[in-house]
Engineer: 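Questions regarding the structure given below will be posed in turn.
Basis for what follows: all heavy atoms, side chains included, without hydrogens, waters or symmetry-related copies. Order of the sequence lines sets the chain letters (A, B, ...), proteins ahead of strands, with each chain counted from 1.
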Amino acid sequence: MTRLAGGLIDRTRTLSFTFDGRSYQGHPGDTLASALLANDVRLMGRSFKYHRPRGPIAAGSEEPNAMVELRRGARQEPNTRATVAELYEGLEASSQNRLGSLRFDLLAMNDLLSPFFAAGFYYKTFMWPRAFWEKLYEPIIRNAAGLGRLSMQADPDAYDKGYLHCDLLVIGAGAAGLSAALTAARAGAQVILAEEDFLLGGRLLAETHLLDEAPAGGWLAKVEAELAALPNVRIMRRTTVFGTFDHGIFGAVERVADHLPTPGNGVRQTLWRITARRSILAAGATERHIPFANNDRPGIMLAGALRSYANRWAACPGQKVAIFTNNDDGHRTALDLAAKGVEIAGVIDTRGSVSALGNYPVFVDSVVENTRGRLGLKSVTVRSGAKNFDLDCDVLGVSGGWNPNLHLASHHRARPVWNDTLHAFVPGENGPPGMTVAGAAMGQGSTAAAMTAGASAAVAAMEGLGLRAAMPELPRAEKADANLYPLWHVPGKGRAWVDFQNDVTVKDIRLANQENMRPVEHLKRWTTLGMATDQGKTANVTALAVMAELTGKSVAETGTTMFRPPYTGVSLGVLGGGDTGPHFRPRRLTPSHVWAAERGAVFIEVGPWMRAQYFPQAGETEWRQTVDREVLATRQGVGICDVTTLGKVDVQGRDATLFLDRLYANAMASLKVGMVRYGLMLREDGLAYDDGTCARLAEDEYVVTTTTAQAGPVFRHMEYARQCLWPELDVQLVSTTEAWAQFAVAGPNARALLQRVVDNFDLSNEAFPFMACAGLTVCGGLRARLFRISFSGELAYEIAVPSRYGNALMARLVEVGSDLGATPYGTEALGVMRIEKGHAAGNELNGQTTAQMLGMGRMVSAKKDAIGSVMSRREGLLAETRVLVGLQPVDPALPVVAGAHLFTEGDGHSTATDQGWITSACYSPHVGSAIGLGFLANGAMRMGEVVVAANPLQGGEVRVRVVSPHFVDPDGGRLRV
Amino acid sequence: MLIPHPLLGPRDAQEFTYLGDAALLARPDGMAEGALGAFIDYVYLRDNPAGVHRELWFHEQGDRSWLVVTRNTVTHEIIDAQLARDVALARKGAVA
């Protein structure tokens, strides 16, 4: 065990866990990575392309290498960074992207084949033969170059979404963030402090800096206690703010239960949408490495990460440590590790005149040129001036300076700008409105500077909100300068990794330069730099600097790519929140749902609704039997169908008539009170939009219906017409779809059945003719509306009662009509009967058809200015010859398939010879064969002709005869009896 | 995004449905001479500015108001929001 002294781990408790099946022990406060390192395990994964042995290089969310499959079974989660996975009792993890064991990965031969996997290899190597791509190359590459595996099981955990509002959102709880939160909180502002770690403190947890001459822990505890006690502060640990969106809105994921074996009855993660009036980005900085040959061996880490492991987690990945640095910060690691009793082999410093801060050797003017050790570092080759020597060490800390974590400040287009003093990109102008960046994220890296910047930013933010805030008394802290002298990579022959996760080396960048892929956006795509799950947090700036060097430009001239959300990976599960399975969207139930469910109805989703599809009876073994029975029972007796889902809109006002006349393409002004008319709405471009009925209940009162699918959009369209086009009209709209339960009562016995429920109402053909409507009462005083309209082609009515009586009315109608053959029917029979009658529905009103195609061209009135009427008379639309026809197979045993295309017999089947298509098809018990509706070129003149319905997708073709679309009662006599 | 509803204050953009350019308020007279040409422009021709844009939003999950929102398409800054009804009435008053 390589446990050091100290650290923020709870040694009084021991946690057992396994990695690749072997058991280990750690402590609460450990991450999986720190616990493995403390157990002398530093080989944690294989690289993406070359399958090189890899260990962690970082200690936080920027980690590119140490990715594991965490948990087992349905909860198995691939690509989890071991550096941020909190240890819990019984944790199970395994390494990924390997064939065989982690130590002897068979795919490591890819490393020998590396010349084939250079930048752009996708575009070059596997071009020929073309057919091999899908069948051979891609499966092999996908298998070999990869990440972790999914469990392929449903996620058993629950997720949630929530909304938060605050005056100030502080992102990051390090020295800057804590100072900012404290300042704003004391001023009385509503503050949210979000921290991705499970502890507050940021780098203060990983350093040995003194605050007021005492360890930082004391100050941290004091500040945390004060913030926790204030009611206006919400501290959110384990919460990553992953995106900055418009108008002060932030996306954040709180990992509520990822540190527990299972979430129990709670949620695993919560997606928060935080609306903040002001924000302070105090996300710190990420250390960068310096590429040199074979710089990817386990044991080579960022110097700051070594410090984190030693100081916070009391772990060191080896016995003898060397440091390679171009700044003073590297020396701190040597000091801290030496203080913990770790042997320091030496500090290899690129700069000329530096001296040791403590008792360790320093090699000035020196670089690391190469390394040895197959599964872990054994020694490094140092070039010091003109001479080379090997230095034995099993750990190498690399420090190339720090890159501000400015991602969230540039999610809004603001480009980072290069700072020549800091040798880093810092947030530029035009950042998100209301956001200030403070601390190391702004390049203010010393503890003292970060604290002051955080507090000042909060004072300014409060001022902007009209609150008075005072600078808090901040502890005395270090304010050392890093004295960085930039070195971006060590030139040499071997492969020097820049992007560890996607295996991009200095050579790849050189190749991109040679192949003229120099602009940053090209470089990124050609080499896949920064496109792995870590998004190049430890790689991008270094790669830009290397490209700058190769092209002889400055880094500032070379530019940088933009950042987009998310800052770190967000699981799709939490983005879905609770909106999964039956909760994907609200389900609307029809008023007679309970009755239908008791009758054993089969339901189907229709838009947001669950509708009865058919009502099977004992002995019916197949759905067609049921549907055929329902159709015949309706046509011979009487059928009842819940049609509540059709949209209903009440239209009232002095100008209601004029309004509807402009809304519908056909004339509405002439509609008399007490009558109903079919109405066709067009879009303004002249194509058919929706149809329904328009019933005039009084001089200034109408109720119009829409199709089920378009109920929402048509209501929106009507409001648009009312508010935007004709606001001067005195007309009011209200959607009453849910207010009225409505039932179609259809069939020769419909009148007899209704007579049994209406109160003293004359239903005779003379008193209440076809297309009449009236308000009345039923069942002894229940308010109702009756419409004599028919979708089935039979004598039919639709009766509406207040929704809460719908279930009872359905039951009553079926009960009192038993001797009349009253039969409930579902959407299937409804569909069959409307196809038999030749009525258009959603399949015909699909947004590509016109009134003329629907056979209703003459209905479009030229005497008024209705929506779409002018454009419907465009030359191109008038030249359209396809019209709605009926189709019947010549061989009655053959099926008709909707979607099939129509061709003249003897013609080939191509777009050029296409004559139209079949929109709707069903088996018609009335006709005794399959039938269809479709649009056919010059259809009206082709009655009796046999055409071919071809179905190239599923194969097969059927000869069909062109007939009238009205298979039932073409002259409409049944409607008027 | 937040939309400052003139009656209800700032509302989440998710409550709204977007339609498009507020030029749609200027619907041509279908009975006038040359109506077809005017409608072809009205239906198909739109400016696509990088910058300030007036557009129609419908508060569908709210009070059913149509709004004319003035938005900068580059920065998403919302400069103004008015009831479309008021804008349309003012326009018609000006035209008449």
Engineer: Please determine whether the number of non-hydrogen atoms from other residues, nucleotides or ligands lying under 6.0 Å from atom CZ of A/Phe584 exceeds 12.
Structural biologist: no
Engineer: Would B/Leu89 and A/Glu728 satisfy side chain to side chain contact (heavy atoms under 4.5 Å, CB included), going step by step from the backbone distance to the final call?
Structural biologist: CA-CA 7 Å; B/Leu89 279 174; A/Glu728 69 280 10; 4.3 Å; yes
Engineer: Give the minimum heavy-atom separation between A/Leu725 and B/Lys92, together with the two atoms involved.
Structural biologist: O-NZ, 2.6 Å
Engineer: Count the heavy atoms of every other residue, nucleotide or ligand shown that sit under 6.0 Å from CG of B/Leu45, and state whether that count exceeds 12.
Structural biologist: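 Yes, CG of B/Leu45 has more than 12 neighbouring heavy atoms, counting only those of other groups under 6.0 Å.
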Engineer: Would you mind checking which part of B/Asp12 comes under 4.5 Å of any heavy atom in chain A, side chain (CB onward), backbone (N, CA, C, O), both or neither?
Structural biologist: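 Contact with chain A is through the side chain of B/Asp12 alone.
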Engineer: Work out which heavy atom in A/His247 is nearest to a heavy atom in B/Leu2; give both atom names and the distance.
Structural biologist: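 Heavy-atom minimum between the residues: ND1-N, 2.8 Å.
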Engineer: Is B/Ile78 close to chain A through its backbone or its side chain, or both, or neither, when contacts mean heavy atoms under 4.5 Å?
Structural biologist: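 Contact with chain A is through both the backbone and side chain of B/Ile78.
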Engineer: Should we say atom CZ of A/Arg654 is surrounded by more than 12 heavy atoms from elsewhere, each under 6.0 Å from it?
Structural biologist: no
Engineer: Counting only heavy atoms closer than 4.5 Å, note whether A/Thr275 contacts chain B via side chain, backbone, both or neither.
Structural biologist: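 For A/Thr275, the contact with chain B is made by the side chain alone.
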Engineer: Please flag which part of A/Arg716 lies under 4.5 Å from any non-hydrogen atom of chain B: side chain, backbone, both or neither.
Structural biologist: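 Both parts, backbone and side chain.
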Engineer: Around A/Asn846, counting heavy atoms of other residues, nucleotides and ligands shown, do more than 12 lie under 6.0 Å from its CG?
Structural biologist: yes
Engineer: I'd like to know if the side chain of A/Lys864 reaches the main chain of B/Gly30, judged simply by a donor and an acceptor atom lying under 3.5 Å from each other, with no hydrogens or angles considered.
Structural biologist: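 A pair under 3.5 Å: no.
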Engineer: Looking at B/Leu56, B/Val74, B/Thr75, B/Val87, which one has more heavy-atom pairs under 4.5 Å with chain A than the rest?
Structural biologist: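 Result: the option with the highest number of such pairs is B/Val74.
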Engineer: Please assess B/Met31 against A/Val870 for the test side chain to side chain contact (heavy atoms under 4.5 Å, CB included), listing each intermediate value before the final yes or no.
Structural biologist: CA-CA 8 Å; B/Met31 304 307 282; A/Val870 171; over 6 Å; no
Engineer: Of all the heavy-atom pairs spanning A/Cys724 and B/Ala88, show the shortest one and how long it is.
Structural biologist: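 Closest approach of A/Cys724 to B/Ala88: O-CB, 3.4 Å.
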Engineer: Which bit of A/Arg273 is near chain B, if near means a heavy-atom gap under 4.5 Å: side chain, backbone, both or neither?
Structural biologist: side chain
Engineer: Side chain, backbone, both or neither: which part of B/Pro10 has a heavy atom under 4.5 Å from chain A?
Structural biologist: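 Contact with chain A is absent: no heavy atom of B/Pro10 under 4.5 Å.
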Engineer: Would you confirm whether B/His76, through its side chain, and A/Phe245, through its main-chain N or O, come within 3.5 Å as a donor-acceptor pair?
Structural biologist: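 A pair under 3.5 Å: no.
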Engineer: To the nearest 0.5 Å, what is the distance between CD1 on B/Ile40 and CE on A/Met871?
Structural biologist: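 Output value for this atom pair is 5.0 Å.
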Engineer: One pair to check against side chain to side chain contact (heavy atoms under 4.5 Å, CB included): B/Phe39 and A/Arg874. What are the steps and the verdict?
Structural biologist: CA-CA 10 Å; B/Phe39 265 97; A/Arg874 279 185 283 166; over 6 Å; no
Engineer: Charged N to carboxylate O below 4.0 Å: is that the case for A/Asp865 and B/Arg27?
Structural biologist: yes
Engineer: Can you name the residues of residues 57-70 of chain B that have some heavy atom under 4.5 Å away from a heavy atom in chain A?
Structural biologist: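 So the qualifying residues are B/Phe58, B/Glu60, B/Arg64, B/Ser65, B/Trp66.
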Engineer: Please assess B/Glu77 against A/Asp246 for the test side chain to side chain contact (heavy atoms under 4.5 Å, CB included), listing each intermediate value before the final yes or no.
Structural biologist: CA-CA 8 Å; B/Glu77 183 195 359; A/Asp246 290 313; over 6 Å; no
Engineer: More than 12 heavy atoms of other residues, nucleotides or ligands under 6.0 Å from CZ of A/Arg858: is that the case?
Structural biologist: no
